[in-house]
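FYI, the numbering just counts along the sequence from 1.
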Amino acid sequence: MTEAARALWITGPRVAEIRPTEVTPGSEDYVLHTLFSGISRGTERLVFEGRVPESEYQTMRAPMQGGEFPFPVKYGYSAVGQIQDGPDAGRIVFALHPHQTRFACPQSMAVPVPPAVPAARAVLAANMETALNILWDAQVQPGDRVAVVGAGTVGALAGYLAARIPGTETCLIDVDPTRDALARALGCAFAAPDAGPGEADVVIHASATEAGLATALTLAGLEATVIEASWFGTRPTTISLGAAFHQKRLRLVASQVGRIPAHRAARWTHRRRLEAALRLLNDPVLDTLISGESPFDMAAQDYAHILDAPETLCHRLRYEG
């Protein structure tokens with residue numbers, strides 16, 4: 001049976017519109033009414049501006065993306081919906097789906113939201129999954145000094161997780177001084193880039209800027225690990241490997257959520273990791289990462305402002321009836 005829906009499409013550089021979309025479920029699909037979806041500022045801004053490298057068109061596809069890069073494309077990966085029919089009708093689930101009022105989803109890709117986690121907070125699941133993968137790549141140990149450069153949604157969640165490992169000293173570092181309150185709420189210290197604590201055991205870079213990466217290298221201690229969690233798209237990046245980089249024998253490690261780190265891949269699936277991320281959202285303090293909310297009907301006209309605003313963390317879209 002085909003049903004009508006509406007979806008947010010990016011139709012050109014910095015142009016978005018809501019288009020009618022058909023929903024045609026397969027025999028093994030759920031049909032979901034969307035309750036909330038989350039706008040992931042970093043990645044969605046690159047897509048919105050057409051800055052996905054042609055070489056990465058396949059690797060950067062969202063699991064249930066519509067269209068093709070660069071445009072038109074239906075992009076997003078943080079939807080929370082309610083199953084409409086069948087024996088599981090009424091269950092609230094998370095799915096890696098673009099912004100759309102109703103959609104069909106393979107049952108295997110619909111992950112139940114734990115009862116203790118509000119549907120409105122569950123839009124953070126994709127970002128929490130990324131942060132969890134970063135912590136796995138970083139292998140933060142009890143007692144470590146951890147610096148996180150870039151207090152966007154993913155950086156803040158990585159800091160939140162690191163701060164809960166016993167004995168760690170975790171500091172969020174950002175150019176925006178208003179992120180101080182966010183850092184304190186998440187259990188982290190805060191510092192401006194020129195005042196970050198040095199001699200860190202692990203540095204996580206999540207600012208997607210050359211200046212942030214330079215700061216990350218400066219803060220790392222002898223033989224420390226620097227995790228590059230940013231994605232720069234098509235923008236060229238200059239990295240200074242002079243100065244003390246070699247003398248300090250630093251390790252620079254890329255972290256990307258598309259793959260599970262090798263030391264866990266034998267036991268963990270992508271679904272198990274996402275289930276863990278959803279459980280980790282059982283903390284009301286994480287609501288501080290929702291920087292705004294608006295109705296889906298306003299998404300096309302508000303999209304550019306949401307992505308451009310430096311204060312945006314996770315912006316939540318609300319779907320009616």
Distance (rounded to the nearest 0.5 Å) between N127 CG and S78 OG: 6.5 Å

Steps toward side-chain contact (heavy atoms from CB on, under 4.5 Å) verdict (I239, L217): CA-CA 9 Å; I239 174 174; L217 295 174; 3.9 Å; yes

Rounded distance [0.5 Å steps], CG in L186 versus CG in L161: 10.0 Å

4.5 Å side-chain heavy-atom contact, V111 and R271: yes

E210 side chain vs T238 backbone, donor-acceptor pair below 3.5 Å: yes

H205 side chain near L219 side chain, heavy-atom distance below 4.5 Å: no

R249 CZ: over 12 foreign heavy atoms closer than 6.0 Å: no

Donor-acceptor pair, side chain of T225 and main chain of R251, under 3.5 angstrom: no

R259 backbone acceptor or donor facing N133 side chain under 3.5 Å: yes

E223, CD: over 12 other non-hydrogen atoms inside 6.0 angstrom: yes

Within-4.5 Å side-chain heavy-atom neighbours: R121 and P284: yes

Heavy-atom closest contact (L157 atom, A131 atom, distance): CB-CB, 3.6 Å

Check against side-chain contact (heavy atoms from CB on, under 4.5 Å), S230 and L213: CA-CA 9 Å; S230 302; L213 180 53; over 6 Å; no

Atom pair NE2 (H97) and CD (Q65), whose distance is rounded to the nearest 0.5 Å: 11.0 Å

Side-chain heavy-atom pair I92, F94 within 4.5 angstrom cut-off: no

Stepwise side-chain contact (heavy atoms from CB on, under 4.5 Å) check, T21 with Q100: CA-CA 8 Å; T21 301; Q100 185 167 315; 4.0 Å; yes

Residue pair T34 / Y319: nearest heavy atoms and the distance that separates them: O-CB, 3.1 Å

Common cluster, L35/I18, ILVMFWY with side-chain heavy-atom separation under 4.5 Å: yes

Matching residue for Y160 among D283, T288, T170 - test: side-chain hydrogen bond (donor to acceptor under 3.5 Å, both in side chains): D283

Closest contact, heavy atoms only, A110 versus V93: CB-CG2, 3.9 Å

Cluster overlap V148 with L124, hydrophobic side-chain contacts below 4.5 Å: yes

Value rounded to 0.5 Å, distance of CG in L289 from SG in C314: 8.0 Å

Stepwise side-chain contact (heavy atoms from CB on, under 4.5 Å) check, E44 with Y303: CA-CA 10 Å; E44 291 191 45; Y303 199 57; 2.5 Å; yes

Side chain proximity check, K74 to H99, heavy atoms < 4.5 angstrom: no

Short side-chain to backbone donor-acceptor contact, D144 and Q141, under 3.5 Å: yes

Connected via hydrophobic side-chain network under 4.5 Å: V15 and I39: no

Beyond-backbone contact of R19 with P72, side-chain heavy atoms, under 4.5 angstrom: yes

H305, NE2: over 12 other non-hydrogen atoms inside 6.0 angstrom: no

Residues D287 and R316 bridged, charged N to O under 4.0 Å: no

Exam field: side chain R179 to backbone D174, donor-acceptor pair closer than 3.5 Å: no

Closest contact, heavy atoms only, A16 versus L8: CB-CD1, 4.1 Å

Hydrophobic cluster identity match, L135 and V226, side-chain contacts under 4.5 Å: no

Heavy-atom closest contact (D137 atom, A254 atom, distance): OD2-O, 4.3 Å

Expected output: side-chain S37 to main-chain L317 donor-acceptor under 3.5 Å: no

ILVMFWY cluster, W231 and M128 together (side-chain gap under 4.5 Å): yes

Close side-chain approach of R14 and F48, heavy atoms under 4.5 Å: yes

Straight-line distance of D180 CG to L172 CG, nearest 0.5 Å: 9.5 Å

A126 backbone acceptor or donor facing T130 side chain under 3.5 Å: yes

Side chain S207, main chain G150, donor-acceptor under 3.5 Å: no

Test item: P63 and M109 side chains (from C-beta on) under 4.5 Å apart, heavy atoms: yes

Nearest heavy-atom neighbours spanning F71 and G50: CZ-CA, 3.5 Å

Sidechain-backbone polar pair: T312 side chain, L307 backbone, donor-acceptor under 3.5 Å: no

Side-chain (Q84) to main-chain (Q82) donor-acceptor, under 3.5 angstrom: yes

Distance, nearest 0.5 Å, that separates OG1 of T209 from CZ of F232: 6.5 Å

